[in-house]
Structure formats: C-alpha cells, structure tokens
Number of protein chains: 2
Amino acid sequence: MLTQSAIRTGSFKQPMASIRLPAAATPQGGTIEMMGALMTFTRDSEIYGENEPADYLYKVVSGAVRTYKVLVDGRRQIGAFYLPGDTFGLEVGDLHTFSAETITNCKIIVTKRSAVVALAERDNDAAREMWSLTARELQRVQDHILVLIKSAQERVASFLLEMADRTADAGVIELPMSRQDIADYLGLTIETVSRTLTQLEKSATIEVPTSRRIVLRNRSALHRLNA
Amino acid sequence: MLTQSAIRTGSFKQPMASIRLPAAATPQGGTIEMMGALMTFTRDSEIYGENEPADYLYKVVSGAVRTYKVLVDGRRQIGAFYLPGDTFGLEVGDLHTFSAETITNCKIIVTKRSAVVALAERDNDAAREMWSLTARELQRVQDHILVLIKSAQERVASFLLEMADRTADAGVIELPMSRQDIADYLGLTIETVSRTLTQLEKSATIEVPTSRRIVLRNRSALHRLNA
DNA sequence: CGACCATTTGATATGGATCAAGCGATGTGG
DNA sequence: CCACATCGCTTGATCCATATCAAATGGTCG
C-alpha cells in the first residue's frame, strides 16, 4: 500500500519569514494573538518540524498551512489544513507531533506559548480559549478518522463540504492546496482524487472551471455521498 | 464500501449496573477517582450514548470497554478500547462524541464531571490530570489516523503491538474483544483480520492458541510490518 | 448431545493503486 | 513575443489488496 505522496512532493526548507509588527494590528479575535508578532512566510516553507519543541502558537491571518507526518516508507499523511482565522501548533505535550509548512504565501501571528500559558493561569478567558482550541482539534481529528474509513467518493465529498463550510463563499471553493495535498489528507492517490472529481462533475454535482476552483452545484448530493 | 460490522453485531442496552461503594477503595492513582463510586456493569451494556450529556468520568478498574460510532449506513467505527487503569468519557464539549459500552463484565469508577471540574479550579494537580488525560486522548486519536492509512498487515501488527504494550504480560495477549470489534477498530472486515492473523501465524510471527489468546513470537517482525 | 455463535477458510468480485501516457497552463530563454 | 521545457492534472489500462459471498469448522452452553 505505497502511495507516491512525499516522493513526488517537494518540501522546501528555506529560512524565510520576516517579523513585521507587534500585532495589535488585528483588532478582534481572542486574547491570545494580542501578544503575538505578525510574520510573513513564503510558500512551501517550513514553520516547524515534528518533534521540535512547541514554543509558539500560530494563527493564520492569510494563506494556508498544512501539518503532516512522513512515515518511514515515505508516505505522507496530512493531518490538517489551516486557513485564515485558524490557530495551530498548540500541543498538549512539549513537542510538535506534526510538521507544519505553508501551502501558499502566508501572514501568521506567532505567539510565545509560555506567555499564553502564563496568561491562562491568571485569565479565565485565555484558559477557556486554550481549552476550546484543544477541543476543536480533538473534534477535527475524530472526524478525520470517520472520513478515512469511507470510500473515495465519500472522502472527496467530505473534503469538499468541509472546505465549503470553512471558506463558504456561496458554493465556490478556491483550493489553496494541490491534488497531492488533498490525496495525502484523504489517504488516496492523486489519480483517485482527480477521477472522483471528474466523476462528480459528470454527475453535475460540482463544476471544476479550473483545477483550483470548485463550484458546488448540488450540495445535498454531496451530503448524501458523505453518508 | 459497506462493512458487515454493526449489522452482525448486537448492542444490548440493559439498565444494569449497581453502585457499590464511595470508592476510596482503590488507594493509589490520580485525585479524580477519589470522588467516584465503583459500579458494576455486565458485558455488552451501554455506559453512555453518543450526544448524551457528558456528566461523568469513568475509570476502568477491571474489564474492557469500547467507544464507537455507528454511521448512517450501519457501519460501526470503534474509537478506542479502554482497559484497566484507563480513563474515558472526558469530553472537551458537553456531550459525548462516541457511545461507550462494556465488552466484558466491568468494574468502573464513575465520577461526577462537575466535581472534577470544580476541584480542578482549586487544585492544580487535578487540573493537570485532566489536561494530561485530554493529551493522551488526542495522541491516541492521532496515532489511530496513521494506522488507518496502512495496509491490513500493518494495521493488525499495530493493533497487536498496541495491545501488547498495554497489557504487557510478556508477549501473551488476552483479547477481551471479538474479531468484529478488532475489525471495526481497524477499518477492516473480520475475514481480513482473521486471514491476516493466520498469515502471521504461518510466518511464525505469532501464535494463536485460542482465538482470544495471542502469543508474540517475533516482535521485531511486527515492528517491521508496523512500518 | 445438539444448537448456536464466533471464527476460519475458500472462491470471486471490485475499488482503488499502480504504471503510463497525454494535455493544458505557466514560466523561461532565445 | 514566441518556442519550448516544466509542472500539475487528467485520463487510460492493468493489477492487486481487500471486500463480499458462501460454506466449513470449532468452541460454548443449554
């Protein structure tokens, strides 16, 4: 059961990223990011690696991020995609369990974990926020398990609905990630992802005007597939 | 991609369970269970259902428990097995995301969640314990994802190693759960689980003296499979 | 001893992986 | 500005792992 995943994919580590400003720049949002700095990352650059100390928290301002693990045999499993507004990098232990890299150019608010933890000890809101972030993460992972036991059609349908829910521009999804990323997220090959999409297009469930843009034509059909 | 899972399986809800004693009965262990009551459950009885309020925490004293979801199409996914010493039922939200039922007759310490939360607000140890339980849970789920993208051989090998690590009686595993349970945990069919086990037996990696007892003969071979 | 249920084993079907080629968009150098 | 190389994606042909269907075996409990 070898996938071509990481073999075909390139991960490019380049020092990148410039600090911008001590960000009270973004007005609304939780207390956590208040203490952070806005950083810029170029696409495909590593944010942190698996097993590195988890000293920072990250909140996506713009762009998209993937977390992943590469298994010994070269397969890559993507754990999650993070989009604007999403926070990632909060670990329950002291080390990152996944690696993280940008999919596109990104602006990300980076906050020292120690500062957040310290704040949480005094401030109930911050503590609640950390708890809720962990909750969301656990929920996401549990849902992911349910996706991984389904058929290819169901997995792709789940993925499309998930992306639609999160970006929600009236049924038009702009995908920041490649087919390979989607495949590694869903535990499929790019060929299967591609074929499934054309299949859905032929059944008038979606339209694929360009490979990175998908229009949902029949959401209920997707939900039905989603089983 | 229909599995026979829940169709073949019976879930029996019977009111069951008798309260035993306000348990300081078990001396060692975290602060949490100190406040609990020891309850007895017969095998295959429901402890709680999906979407029910998560008002209690549970710690297995003896026996084994499974948590699961039944999908709309009847497939059942087992989320985890809990063995003596394991705590379950701690949710990040207010509702249980899985159902829980006993696999065998069980003794379980049941603790009111509100009491635990209240304690955690005053006592750092209790708070740390809750956090660590959540951490372990997240870790478990993430590992499970990695298992589900592997081949049947790899999944079964992972499962055996996991069980060996947790019960650890010198390479002899006593399985409390049926093949169907294992299949639904690993996202396989009972036939595939069974065939894989006989395959491992033929390659002298394991012995299967009875269907519920498995002897590890060659752990490193399993680790190699585990990829 | 006989019925029942769990497990194993066998035969076949099939969904998705693999191998391979074609296609379209994007970018680069001449 | 165009020709060509490159890269990501799609499409096609074939293969294989696992599901499905079916039957045999074995262990348990009345």
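To find a chain, count down the sequence lines: A is the first, B the second, and so on, and within it residues start at 1. As the structure is a computational prediction, the values presented were derived from the model and not from experiment.
In this structure, A:V65 and A:C106 have side chains that are in contact, with non-hydrogen atoms separated by less than 4.5 Å.
Residue A:T189 places at least one side-chain N or O closer than 4.0 Å to OP1 or OP2 of C:dA17. Contact annotation: B:T198 reaches the phosphate of C:dT9 (side-chain N/O to OP1 or OP2, under 4.0 Å). Phosphate proximity of C:dT8 to B:S194: present, with a side-chain N or O under 4.0 Å from OP1 or OP2.
Under the rule for a ring pair (Phe, Tyr, Trp, His ring centres under 6.0 Å), A:F98 has no partner lying at least two apart in sequence or in another chain. Remark: B:T192 engages B:T189 in a side chain to side chain donor-acceptor pair (under 3.5 Å) (not counting sequence neighbours). In this view, A:D55 and A:P53 satisfy the side chain to side chain contact (heavy atoms under 4.5 Å, CB included) rule, not counting sequence neighbours. Applying the ring pair (Phe, Tyr, Trp, His ring centres under 6.0 Å) rule to A:F88 yields the partners A:Y58, A:Y82; only residues at least two apart in sequence or on another chain are considered. Partners of A:E162 according to the side chain to side chain donor-acceptor pair (under 3.5 Å) rule, which considers only residues two or more places apart in sequence or in another chain, are A:R166, A:Y185.
Straight-line distance from the CG atom of A:D44 to the C1' atom of D:dG8: 13 Å, rounded to whole Å. A:R43 places its CZ atom 13 Å from the P atom of C:dT26, with the value rounded to the nearest Å. Rounded to a whole Å, the CG atom of B:L186 is 16 Å from the C1' atom of D:dA17. In this structure, CD1 of B:I182 is placed 12 Å from C1' of C:dA6, rounded to the nearest angstrom. A straight line from CD of B:E191 to C1' of C:dA13 spans 14 Å, rounded to a whole angstrom. Put simply, CG on A:D73 is 14 Å from P on C:dA17, counting in whole angstrom units. What separates CG of A:L197 from P of D:dT11 is a distance of 10 Å, to the nearest Å. B:M177 places its CE atom 16 Å from the C1' atom of C:dT7, with the value rounded to the nearest Å.
Residues from residues 201-220 of chain A placing a heavy atom under 4.0 Å of any atom in DNA chain D, listed by number, are A:S211, A:R212.
When each of A:R155, A:R76, A:R66 is tested with A:D184 by the rule salt bridge (charged side-chain N to carboxylate O under 4.0 Å, His left out), just one qualifies, namely A:R76.
The base of D:dG12 sits within donor-acceptor range of the side chain of A:R195, with an N or O pair under 3.5 Å. Between the base of D:dC9 and the side chain of A:Q180 there is no donor-acceptor pair shorter than 3.5 Å.
Heavy-atom nearest nucleotides on DNA chain D were determined for B:V193 and for A:V193, and the one closer to the 5' end corresponds to A:V193.
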